[in-house]
Structure formats: C-alpha cells, structure tokens
Amino acid sequence: MKIASWNVNSLKVRLPHVLDWLAEAQPDLLGIQETKTLDENFPQQEIEAAGYQVLFSGQKTYNGVAVLSRLKATPKEIITDIPGLEDHQRRVLGATYGKLRFINLYVPNGSEVGSDKYTYKLDWLDKLASYLKKQLQEHKNLVVVGDFNIAPEDRDVHDPEAWKGSVLVSEPERAALQKLFDLGLHDSFRLFEQDEKLYSWWDYRAAAFRRNMGLRIDHVLCSDALKKKCTASYIDKEPRKLERPSDHAPVVAEFDI
DNA sequence: ATGGTCGTTGGACGA
C-alpha cells in the first residue's frame with residue numbers, strides 16, 4: 001500500500017498536477033493540505049473520475065484538507081477536528097479504511113516564534129498529542145500524515161545556522177514533534193538510509209528550489225505495527241519542477257499490507 | 001533568509 005501526503009497550496013490551481021500525479025504515482029491513500037477550497041466548490045467529479053473516492057473539509061481562502069483513496073473500503077469514523085480543540089480552521093481529516101486508521105493534518109505554520117500564531121501552533125500540537133495517544137490505543141495500524149510545519153532535526157534543514165531558533169525548527173516545536181515520536185509514531189523517512197539534503201518544501205522566493213534551500217517539514221508517521229511493514233519512504237521532487245508548482249513536494253511511504 | 005514569490009483577493013495577509 002502506497003500512502004502519501006502533499007500540501008498543494010490551492011487545489012483549484014494545482015488540480016492538473018494532482019490528477020497527473022495520481023495517474024503517475026498511483027497512491028492508495030493521499031492526504032492533501034491547503035486546498036483553500038470551500039466544500040461546495042471541491043472538484044469531487046474530477047477526482048472521482050480519476051478512480052479515487054474523496055473526503056474533504058475546507059474553508060474559504062485558507063487551510064482545507066482532503067483525503068483521496070482508491071481502496072475498496074468505505075471510510076468510517078470520520079473526524080474533521082481534534083476532539084477537545086475548538087478550531088474553525090479546517091486542518092484535520094481522519095478516517096478508518098478497513099483495518100487502517102488514517103489521519104491527515106495541516107499543522108499550523110506558527111508565523112514567528114513568540115507570536116499568537118506560534119502559541120496556537122504549540123497548543124494545537126499539545127492537543128494533537130493527547131488525541132494521538134488515545135488513537136494509538138484504539139488502532140494498531142495508524143498512519144498520520146501531513147504538513148507538520150516542523151523540521152525534526154538539523155539534517156532536515158538546508159542551513160541550520162541560518163534557521164536556528166526560528167519557526168519550523170525551534171526547540172519547542174521539535175519537542176512537540178518528538179512527543180509524537182515518543183508515543184510510538186515513527187518518521188517513516190528515517191526508517192531507511194537516505195541521501196543528504198532531501199527536503200519537502202522550498203520557499204517560492206530566492207530561487208530556493210533551484211538552490212535546494214529547503215526544509216523537510218512534510219511527514220508520514222506510522223505506528224509500531226506498521227513500522228515493521230514499511231518497505232520504502234521517499235520524497236517525489238518531480239512535481240516541484242513543473243510550471244506553477246506547489247511549494248511542497250509529495251512525500252510517500254509504502255507498506256507491505 | 002536583507003528581500004527576493006505565490007495564492008486569494010481585489011489591499012493586504014498568510015505561508
């Protein structure tokens with residue numbers, strides 16, 4: 001089973017790239033973030049025509065998440081919020097497909113360390129950890145994907161000195177992500193030997209992609225049981241090379257299930 | 001990483 005995550009930065013603009021990538025990569029499950037699309041405008045027909053069933057939770061202008069599946073199972077136990085977290089921002093979409101629990105997240109960016117948005121991010125991650133702790137007790141096979149807006153380690157940052165202490169890499173953010181790892185959620189990417197300087201996001205500015213000035217902030221996390229069945233994990237840079245790309249690349253993990 | 005661009009929107013704001 002092939003599971004992926006992609007922050008598309010507007011599904012309206014990126015739909016052609018998404019449809020091309022579905023045809024090319026053929027993921028079984030894809031979590032999409034930053035659809036920036038109201039549910040009433042969601043391109044459901046086009047995605048279903050590509051052979052995928054789809055769930056979505058959107059809002060105007062900002063945020064918005066969707067889950068695409070070509071599995072036979074009907075999604076159950078659908079959630080669009082973290083229990084106990086009052087949030088009008090559409091950042092969460094979870095569903096159970098057969099024996100697999102799948103949660104797609106668009107973690108808050110945090111803007112700047114010390115800002116209100118940063119506080120919101122840390123609080124959001126704290127509530128998320130409580131929820132995922134319970135989810136792990138209820139679901140042996142749990143996959144949590146998304147744009148986490150956190151680079152776990154310095155090797156996930158093109159220039160750690162320049163980025164030191166700033167949003168996306170700050171210690172409180174990394175501690176919040178580490179807390180998820182400590183619950184027994186594994187960064188699938190690090191289960192395998194990887195080349196150096198592999199990232200999932202590059203700023204649109206300053207020709208950052210061409211210069212590979214990126215961060216690895218998009219992740220596929222998996223529970224213990226799935227860690228044992230994970231056979232590959234990688235970042236597909238190809239869509240980032242296209243005309244009018246998202247600033248993020250799809251991240252992929254494969255499981256022998 | 002001085003800023004540098006996108007996307008949404010119709011002037012900023014968020015990332």
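Here is the naming used below: chain letters follow the sequence lines, and residue numbers restart at 1 for every chain. All values reported here derive from a predicted model rather than from experimental measurement. Quick note: numbers below take in every heavy atom, side chains included, and nothing from hydrogens, waters or symmetry partners.
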**OP:** Under the salt bridge (Lys or Arg N to Asp or Glu O under 4.0 Å) rule, what do A:K241 and A:D236 come out as? Steps first, then yes or no, please.
**Re:** CA-CA 10 Å; A:K241 300 174 182 173; A:D236 185 355; over 6 Å; no
Original post:
Using a cut-off of 4.0 Å on non-hydrogen atoms, how would the nucleic acid contact of A:A206 be classed: base, sugar-phosphate, or nothing?
Top reply: base
Original post:
Taking atom P of B:dT8 as reference, at what distance in whole Å does atom OH of A:Y204 sit?
Top reply: 9 Å
**OP:** Answer yes or no: is there a donor N or O on one side and an acceptor on the other, between the side chain of A:S115 and the main chain of A:G110, under 3.5 Å?
**Re:** yes
Original post:
Between A:K36 and A:N9, does any side-chain donor sit less than 3.5 Å from a side-chain acceptor?
Top reply: yes
Subject >> Of all pairs that satisfy salt bridge (charged side-chain N to carboxylate O under 4.0 Å, His left out), the ones with a partner from residues 22-32 of chain A, not counting sequence neighbours >> reply: A:D28-A:R70
**OP:** Decide, yes or no, whether a salt bridge links A:K164 with A:E161 under the criterion of side-chain N to carboxylate O below 4.0 Å.
**Re:** no
Subject >> Reported CG-to-CH2 distance for the pair A:N7 and A:W201, which is rounded to 0.5 angstrom >> reply: 10.5 Å
Subject >> DNA chain B contacts among residues 106-120 of chain A, heavy-atom distance under 4.0 Å >> reply: A:Y106, A:N109, A:K117
Original post:
Which residues within residues 210-221 of chain A lie with some heavy atom under 4.0 Å of an atom in DNA chain B?
Top reply: A:R211, A:M213
Original post:
When you compare B:dA1 with B:dG10, how far apart are their P atoms, in angstrom units rounded to a whole number?
Top reply: 33 Å
Subject >> Atom pair distance, as rounded to whole Å: CH2 in A:W201 and C1' in B:dG7 >> reply: 15 Å
Original post:
According to the ring pair (Phe, Tyr, Trp, His ring centres under 6.0 Å) rule, which pairs have a member within residues 15-40 of chain A, sequence neighbours left out?
Top reply: A:W6-A:W21
Subject >> Sub-4.0 Å heavy-atom contacts from residues 6-16 of chain A onto DNA chain B, ordered by number >> reply: A:N9, A:S10, A:V13, A:R14
**OP:** Check the distance between B:dA15's C1' and A:Q59's CD and give it to me in whole angstrom.
**Re:** 14 Å
Subject >> Residue closer to the 5' end of DNA chain B, A:L168 versus A:Q89 (nearest nucleotide) >> reply: A:L168
Subject >> Side-chain donor/acceptor of A:T231 to backbone N/O of A:E254, under 3.5 Å >> reply: yes
Subject >> Protein-nucleotide distance (A:E34, atom CD; B:dT8, atom P), rounded to Å >> reply: 10 Å
Subject >> Between P of B:dG14 and NZ of A:K121, the distance in whole Å >> reply: 15 Å
Original post:
Between A:Y199 (OH) and B:dA1 (P), how many Å, whole number?
Top reply: 11 Å
Subject >> Residue A:Y62, side-chain heavy atoms: nucleotide from B:dA15, B:dT8, B:dG14 that is nearest >> reply: B:dG14
Contacts table for residues 214-224 of chain A: side-chain donor-acceptor under 3.5 angstrom, sequence neighbours left out:
{"unit_1": "A:R216", "atom_1": "NE", "unit_2": "A:D156", "atom_2": "OD1", "d": "2.8"}
{"unit_1": "A:R216", "atom_1": "NH1", "unit_2": "A:D187", "atom_2": "OD1", "d": "3.3"}
{"unit_1": "A:R216", "atom_1": "NH1", "unit_2": "A:D187", "atom_2": "OD2", "d": "3.3"}
{"unit_1": "A:R216", "atom_1": "NH1", "unit_2": "A:H219", "atom_2": "ND1", "d": "3.4"}
{"unit_1": "A:R216", "atom_1": "NH2", "unit_2": "A:D156", "atom_2": "OD1", "d": "3.3"}
{"unit_1": "A:R216", "atom_1": "NH2", "unit_2": "A:D187", "atom_2": "OD2", "d": "2.7"}
{"unit_1": "A:D218", "atom_1": "OD1", "unit_2": "A:H248", "atom_2": "ND1", "d": "3.2"}
{"unit_1": "A:D218", "atom_1": "OD2", "unit_2": "A:S200", "atom_2": "OG", "d": "2.6"}
{"unit_1": "A:D218", "atom_1": "OD2", "unit_2": "A:H248", "atom_2": "ND1", "d": "2.9"}
{"unit_1": "A:H219", "atom_1": "NE2", "unit_2": "A:I150", "atom_2": "O", "d": "2.9"}
{"unit_1": "A:S223", "atom_1": "OG", "unit_2": "A:K140", "atom_2": "O", "d": "2.6"}
{"unit_1": "A:S223", "atom_1": "OG", "unit_2": "A:L142", "atom_2": "N", "d": "3.1"}
{"unit_1": "A:D224", "atom_1": "OD1", "unit_2": "A:H186", "atom_2": "NE2", "d": "2.5"}

**OP:** Give a yes or no on whether a salt bridge exists between A:E196 and A:R155, defined as a side-chain N under 4.0 angstrom from a carboxylate O.
**Re:** no
**OP:** Answer yes or no: is there an ion pair linking A:K179 with A:D126, defined by an N-O contact shorter than 4.0 Å?
**Re:** yes
Subject >> Atom-to-atom span, NZ of A:K36 to C1' of B:dC13 - whole angstrom >> reply: 10 Å
Original post:
Using the P atom in both, what is the distance from B:dT2 to B:dC13, to the nearest Å?
Top reply: 23 Å
**OP:** Mind calculating the distance between CG (A:D147) and P (B:dA15) to the nearest angstrom?
**Re:** 10 Å
Subject >> Option from A:L38, A:D81, A:T37 for which side chain to side chain contact (heavy atoms under 4.5 Å, CB included) with A:R90 holds >> reply: A:D81
